[in-house]
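In this text, all values refer to a predicted model and were calculated from it rather than measured experimentally. Values reported hereafter were calculated over all heavy atoms of this structure, with side chains retained and with hydrogens, waters and symmetry mates removed. In what follows, every chain begins at residue 1, and chains take the letters A, B, ... in the order their sequences are listed.
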Amino acid sequence: MSTGWYLAVSAIVFAIGAGGVTTRRNPLLVLVCLELMLNAGNLAIVAFARMHGATEGHVFALVVMVVAAAEVVVGLGIVVALYRNRVAVDVDELRELHG
Amino acid sequence: MDEILFFVAGIAAIVAAAGTVLLRNPFYAVLSLVVHLLSLSLLFLLLYAQFVAVVQVMVYVGAVMVLYVFVNAYVGGSEEPRGGSAPTLKMFSYAIAVTLAVTIGIAVLGTGLKAIDGAGPENIPASFGSPANIGELLLTKFLLPFEAASFLLLVAAIGAVVLARRRRGVLTGEERIVSAMDVLAPAGTGSMREGVGAINPNPGARSVRIAPSTGAGAPGESADPPARDTTEGTR
Amino acid sequence: MYHLSVLLWLPAAFAVLGLLVPSRTTRWVAVVGALLTLALSVVLVLDFEATGPALQHVTDATWISALGVRYELALTGLNMWLALLATVGFAFSIVWAAMTPLGVDRRAKHVFFHLGIAQSAVLGALLAQDLILFVAFFDLMLIPFFFLTAQFGNGDRVPATIKMIVYTLVGSLLMLVAAIAVGVLATPPGAEVSYNIQEIAQRGVPEGSQGWLFACFAAAFLVKMPQFPIHGWLADGYKAMPLPVLAVFSGVLSKVAVYGFLQIAIPLLPQGTADLRWVVLIIAVVSILYASTVALTTFNARMVLAYSSVAQLGFITLGVMSLRPDGAAGALLQSVNHGVAVFGAFLAVAILGHRTGSEDLRDMGGAATKAPVFAVLFVVVTYAVLAMPGTANFVGEFLILRGTWEGSAPALAIVASIGVALAAVYALRLFIRSSHNRVGPVIQPREGARWELALLAVPVLLIIALAVHPQQTVEAADQAATRSVLSAAAAVSPDRARDILADDPSAQAAAEAAQSAAGGTGAAGGAGGAGAAGGADASGAAGAETAIDPATGQPVDQTAQTEGAGR
Amino acid sequence: MSPAEAAWIVLLLPLLGAVVLGLGFRVWRGITAGIIGTAAVGLAFVFTLITLFGLLGRDEEGTRQIASSLYDYVSVGGVDVKMEILVDPLSVVMLLVVTGVSTLIHLYSIAYMRGDAGYTRFFAYLNFFVFSMLVLVLAGNFVLLIVGWGFVGAASYMLISFWYRRTSATKAGIKAFVINVVGDVGLVLGVILLLKETNSVDFLDTFHSAKETFGEDGSGSLTAALLLIMVGAFAKSAQMPLHTWLPDAMEGPTPVSSLIHAATMVTAGVYLIARLHPLMELSPTAQTVGAIIGCATLLVAGTIGLVQTDLKRVIAYSTMSQIGYMIMGVSAGAYVAGMFHLMTHAFFKALLFMAAGSLISAMAGEQNMNKMGGFRKAMPFTFLAFVIGGLALSGIPPFSGFFSKDEILAGVASEGGWHWILWGAGIFGAFLTAVYTWRMIFRAFWGPPVPEAKELEEGHLHHAAEHRNPATGEIEDTGVGFPGPEHHIAERAPAMRMAMSVLAVLAVVGGILGIPHVFTPLEHFLEPVFEEAHALHHVDTSITVLGLIVGSLAGIAGIAVAYVIWAKPTTRGEASTAISSGWQRRFAPVHRLFVNKWYFDEIIDLLIVRPVRGFGRWAHDGFERLVIGGAIVGGTTGAVRGASAVVRRLQSGYLRTYSAVVLTGAAVLVIYFLTQS
């Protein structure tokens, strides 16, 4: 299988994730969609690692996973805190930054 | 064999991703993500990244997804209402997403990188992507990023605890959290809020508090209680 | 050799220390810090050799090597007295603030922290010998004042702060752009970029670009002073600032802008200076007349001083742009004098305002009846503000007017001297309406508290000391001022540079010594005629530091000179 | 002790006195302060005598000019100023006048100012003034001269508004100060112009190089410089049109008027022109201007003096007029005569002011001559002083004013040509002088005694029930900042009597120093200074004799006219006002012109004060708000506000919008790179 196929899958998944981030209103799902994007990135990295025959890419992928895990942990913590303080869990309700 | 597996896993990944985004019920969406992740790990295997694939399954499917499911259950995953608050935004977002997919696809495939067409070197060593190989890299070449990543995880863990813990009974209203910025200026000073008069400099004049969340004391000669942190004010 | 770094960072160190100690002791920590800095600066100034090299106590280290930015500090004849003025001013302001409610405010820590940081920044801007370092400190020194105004000001402090920020920021950005451009444009092909001020002066900035570069620098400096018509922030800013802060802001910070002209704009951009000096001169003269008349009619005691500062800085600018050593040295002297006088004047206004509850002259009057000591101190300050002959302010104005008469135009000097007469009116009006006449409707005259009088006596004593022996101040400034304006003067016309050198005995000796060495340069360089004679004089005299080629007005390297002679 | 050392001590003594009194104002209360102040100036007079004899002990040729410098005052870029004094016969004569008269006036003030709440302050100021005046006189270069010039202005201001709670006094003070600053500015600019030509601010250097620099006939720039310098001289010496501050300056205590506004400071302009004679000689234009201004001033001041009713103001206008003589004299080259008249004028004018002060205190502060009369019996000593002063002022032989004034006129006339017009004006001025001087004396001392005079004859001093400002009638207390409650009249206070006696003697015999062609020690002493002056006339005897005769006739005629109008009793005791009021009616416009002081104040107000103030108001209330605050600031803030409104729209606060924007950006970037490749 040529690397290009993997990259195509990666691009499509990335775009899907991006679309999700902008459309979903549940913060939980926004995070999920972010996971999609990160994973798409990971796929591309691993595919390139295969292409070059270099394992360093795998390390990169692992670090991305770490970041993703950290992000999820904190993000979910925020979701929980939000849930405690506000009834609605909806990103559209969180408009403190409105100018 | 490779091709079949790839197409199966690839299509599964894409469909599951689409499901994640489109399914209205958060619970299903998360489950769909699990499918996506599993098929992704299959793709990793096809790329000889055994260790990454295993970690993918263990960390994501095993840990992260469980977390998602639990939180989802805790929050009470209500279905998203049909027709969001901004329908044009939604259409726009889809359009952008499609554009991105197309353009990135063109960018990646049309770059003229010869190697993309190939599958990479045929005779890769057996140790490629093995735990030993990666472990050696992590502890030699990438020691610093590795440590940084572990530190990040530690911080994230503590942060999550701080964010999600129940405060009642731990902090009384009298206590205040001093932020680093308080050293430089009382909360809200010089902010846009103060500019529009949301924070009232003169206690004598009529006070309009737009939101309780900033709750800064008046920086002038007021005898207000000391400046408060935002987290306290939100309750 | 790290004295200057110690001097520079000591206030900041004490500012941080002040944060760490309990807030009740913060003010004393700040006072100790300010006095220590003052002592150190006095030692350094005493250590300065007027006849020694141009840069003394040099500190030089790489700061951002990739950009060619260096951390280079030095004490020169130009900045020495201004640095002393800054340490005196900040010590004055910090002691003052410590004695007022600001010192025991629950946010007292902020006051002294900001003042300390500001002091370090001002000293940094004064001592910096690297263009980027100067710009960085110049911007940094304003920031604490924004905070101080926004937090502790009165009236419309937030709009006032925003106005100040917008004005000064625009100026600063222009200056940053110009500074980078100067450094890059001056770099010959293949050489490393350097922002060292002397290095740039040696290399020379292409003449075509000097005009807009000078305009950018001038805009930043004129806004900071401020000068008509870009003084829009002045009224609100001055009204909003707490007085101890305002004293140092008006007394010290505006002088950094003056210094900027002498240190950077004029020596680095001689051609631009020569081209645009009339614009700046007209601005200065208009500022003098306009601000003087406004000061004449406003009833806010603070605003009288505010506009008087504008007028005084107009004089100083006139002196600087006369492109003569006497005018420039007079401007430096006047900067010091005006700073000292302003400290006293603002303190006097604060004392009066304290008795009155407002700063409106119509509410005041007759303060002298119960406060003879205060009145005497105030009248000395008033005399200094109006530059009565006998004060050093008069000496400064005399030198400035002389420089303007000879360097710019007699008409300009005559018009500017109207400002001298107007100064007498507004300064005396301030004194009479507050301290003399019948006791005002609101004021409750009483003698100043001990600390108030003691503090007010400091500027008064300084005024007297300067009056008795102004030479002390101009001595070191003389050569530095000559160096600073020489190339620009040569850019205006070679004759002018020759005149300057003819007036300067120290330069003359050097000129004779170097006469033979550089004698052929002018002719060989093709300048011909009068230019050749000018070349002999100019290059020889400036031989110690930079030589000026009168034909181009550009500083030329000494080695290049001798090569030229050989050819 | 060398003369220069003695001169330095002369300079420092009053400063020391001022500092000691100023710092110790809580310690030296009461008469001690007066004694300290007087002693400081008295000692200065003693040291002046030492200087004088030191100088007399030297050769006449050259060595009577001593320049002594302490240190570099300012030396930068071609300006080289030293802390330097110049001791020569001219400055020593001025020193003698200044310290001598000052000592007497200090002595007078010890008694006169008793009971004033600002007693110590008064002496501190007075000592400071003497110091300033000495700086002016001794200055060895132009810059120090300006310093002294400015200092006397400041001291004058402080003393004019000595009773600082009087609004009229502070107004007069600021007026005097500002007009003097205008003069200072002229002086500064003139000096700068001179400096440009001669490259030196030092007197001796400038004078020595003057002929080389400017040539025998001078040059345009020299004339311009001298005219600018003369602006300073005119402002200080109250010459037209910068004279309006002097009458108002009479708001100050009477000893101040006597010392500053009669004897010393106002004559500084005369001294300056005499000092600069090597330059004046080279510029006939400047000389002409000086002579004409002096002449005009003496006439205008004389006419105003005729109709004023305020006692002190009459003397003030008389001072202006007399200084007009001096300026005319020194401008026309009669330097010695000018200096001589300066000296005799100091004697008799100080005497007149002292006597006036005595009279005013008897009137409890009232200065209006309409309310005075018949003090002859009540105050014989003051009356005598007035008569002596009046005779000297009117130029009646053999009083001092007779010789000095006529020497000036003789000097002017010997220039010949149109200078005879000046001579004629001078004679007419002498007539006017006699008229208004004796009008004052007759109105105050002749006629039926007013109640105050009667009270005094019975041995009581009149005290006003409530204190009022004589100028405005406002009610005052006697605390600090207002005149004190006590009055000591000349008849009772020995200190005042002593001072007035000495001055009276000097006013009588002062003329002995310069009897033309007979006995001229002053001229002889000053000769080395003015030897270069080509116009050091040895005036024709015929002109002198003519002047002496016509001048004394004019004086006597003036006194006679004054007697007929104001003193000649028609019926028993009633002084007639018929003649004067009849003239007032007949020449109403002229009278109005004189009473309103030729409308100088109004013209200056209209031409300068109002436009400046109007512009200031407009700038402050209009321009500042509309253009600076509105257009410039408002414009910029408007632009910023508009832009920020647009940007704020984008900040919807929706997280999704932000992410969409980010994605759009990403997409655009990708497309950009795609199209680029």
Side-chain angles (χ1 to χ4, degrees), chain C residues 163 166 229-233 235 290 293-294 296-298 324-327 329-330 366 368-369 372 376 379 383 386 388-390 394-395 398-399 401-403 405-406 410 413-414 417-418 420-422 424-425 428-429 432 435-439 469-471 474-475 477-478 481-482 500 503-504, chain D residues 22 25 71-79 81 121 132 135 143 146-151 153-154 157-158 161 164-167 169-170 173-174 177-178 181-182 184-185 188-189 191-193 195-196 199 479-481 612-613 615-617 619-621 623-624 627-629 632-633 636-637 640:
Chain C
K163 230 183 214 180
V166 169
I230 38 181
H231 64 283
W233 61 269
Y290 178 84
T293 43
V294 175
L296 212 64
T297 43
T298 178
R324 284 182 54 88
D326 42 8
T369 47
V376 167
V379 84
Y383 283 152
L386 63 82
M388 194 182 77
F394 163 72
V395 177
F398 183 83
L399 291 174
L401 285 177
R402 199 235 171 184
W405 185 293
E406 304 219 342
I414 291 170
S417 64
I418 296 172
V420 180
L422 291 176
V425 185
L428 266 193
R429 172 172 172 269
I432 289 175
S435 301
H436 281 174
N437 286 351
R438 300 271 173 149
V439 176
H469 199 196
Q471 176 65 12
V474 292
E475 198 159 14
D478 189 6
T482 312
I500 290 174
D503 277 349
D504 196 340
Chain D
F25 74 101
Y71 55 86
D72 275 357
Y73 184 60
V74 181
S75 169
V76 57
V79 182
V81 185
R121 183 165 60 96
S132 317
V135 172
V143 173
I146 298 173
V147 168
W149 208 259
F151 273 6
Y157 156 72
M158 290 196 287
S161 47
Y164 57 78
R165 275 202 282 163
R166 279 183 173 172
T167 320
T170 54
I174 195 169
F177 192 88
V178 170
V181 166
V182 171
D184 292 355
V185 168
V188 167
L189 291 175
V191 168
I192 287 174
L193 185 50
L195 176 60
K196 181 183 172 67
N199 284 321
V480 63
V612 169
R613 195 181 293 160
F615 177 79
R617 293 242 167 85
H620 181 248
D621 299 336
F623 190 75
E624 195 80 347
V627 178
I628 303 293
I632 296 182
V633 174
T636 36
T637 50
V640 170

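- With chain D as the partner, the residue from C:Pro372, C:Ala421, C:Pro470, C:Ala235 showing the most heavy-atom pairs under 4.5 Å is C:Pro470.
- Relative orientation of the D:Tyr157 and C:Tyr383 rings is perpendicular, given thresholds of 30° and 60° on the angle between their planes.
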| said: Determine whether C:Gln471 and D:Tyr71 satisfy the following criterion, side chain to side chain contact (heavy atoms under 4.5 Å, CB included), listing intermediate values before the conclusion. | reply: CA-CA 9 Å; C:Gln471 176 65 12; D:Tyr71 55 86; over 6 Å; no
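- The two atoms that bring D:Arg166 and C:Asn437 nearest to each other are O-OD1, 4.4 Å, heavy atoms only.
- Taking the side chain as every heavy atom from C-beta outward, D:Asp184 and C:Pro389 approach each other to under 4.5 Å.
- Rounding to the nearest 0.5 Å gives a distance of 9.0 Å between CG of D:Leu193 and CD of C:Glu406.
- Contact count versus chain D (heavy atoms, under 4.5 Å) is highest, among C:Leu296, C:Val395, C:Ile414, for C:Val395.
- Contact annotation for D:Val147: both backbone and side-chain heavy atoms come within less than 4.5 Å of a heavy atom of chain C.
- Looking at C:Ile418, neither its backbone nor its side chain comes within 4.5 Å of chain D, counting heavy atoms on both sides.
- Using the six-membered ring where Trp is involved, C:His436 and D:Tyr164 have ring planes that are parallel, under 30° apart on the 30 and 60° scheme.
- When every heavy atom of C:Asp326 is checked against every heavy atom of D:Val76, the shortest pair comes out as CB-O, 4.2 Å.
- Here C:Gly390 is the residue among C:Gly390, C:Gly330, C:Gly327, C:Gly366 with the most heavy-atom pairs under 4.5 Å with chain D.
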| message | Would C:Phe394 and D:Ile146 count as a side chain to side chain contact (heavy atoms under 4.5 Å, CB included) here? Give the steps. | response | CA-CA 10 Å; C:Phe394 163 72; D:Ile146 298 173; 3.5 Å; yes
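- Looking at C:Ala481, there are no atoms closer than 4.5 Å to chain D (heavy atoms on both sides), in backbone or side chain.
- Ranked by heavy-atom pairs shorter than 4.5 Å toward chain C, the options D:Ala169, D:Gly173, D:Ala154, D:Gly22 are led by D:Ala154.
- Interface remark: of the candidates D:Val182, D:Val81, D:Leu195, D:Leu195 forms the most heavy-atom pairs closer than 4.5 Å to chain C.
- Of the two parts of D:Val135, neither the backbone nor the side chain holds a non-hydrogen atom closer than 4.5 Å to a non-hydrogen atom of chain C.
- In this structure, the portions of C:Phe398 lying under 4.5 Å from any heavy atom of chain D include both its backbone and its side chain.
- C:Thr297 is listed as a side-chain neighbour of D:Arg613, based on a closest heavy-atom distance under 4.5 Å.
- Counting heavy-atom neighbours within 6.0 Å of C:Arg438 CZ, excluding the residue itself, gives a total above 12.
- Heavy-atom pairs under 4.5 Å with chain D peak, among C:Thr369, C:Thr298, C:Leu401, at C:Thr369.
- Nearest heavy atoms, D:Val612 versus C:Leu422: CG1-CD2, 3.9 Å.
- Partner of C:Ser417 under the side-chain contact (heavy atoms from CB on, under 4.5 Å) criterion, out of D:Ile192, D:Val185, D:Val188: D:Val185 alone.
- For D:Phe177, the part sitting under 4.5 Å from any heavy atom of chain C is the side chain, from C-beta outward, and nothing else.
- Interface remark: C:Pro410 contributes no atoms to any contact with chain D (heavy atom separation under 4.5 Å).
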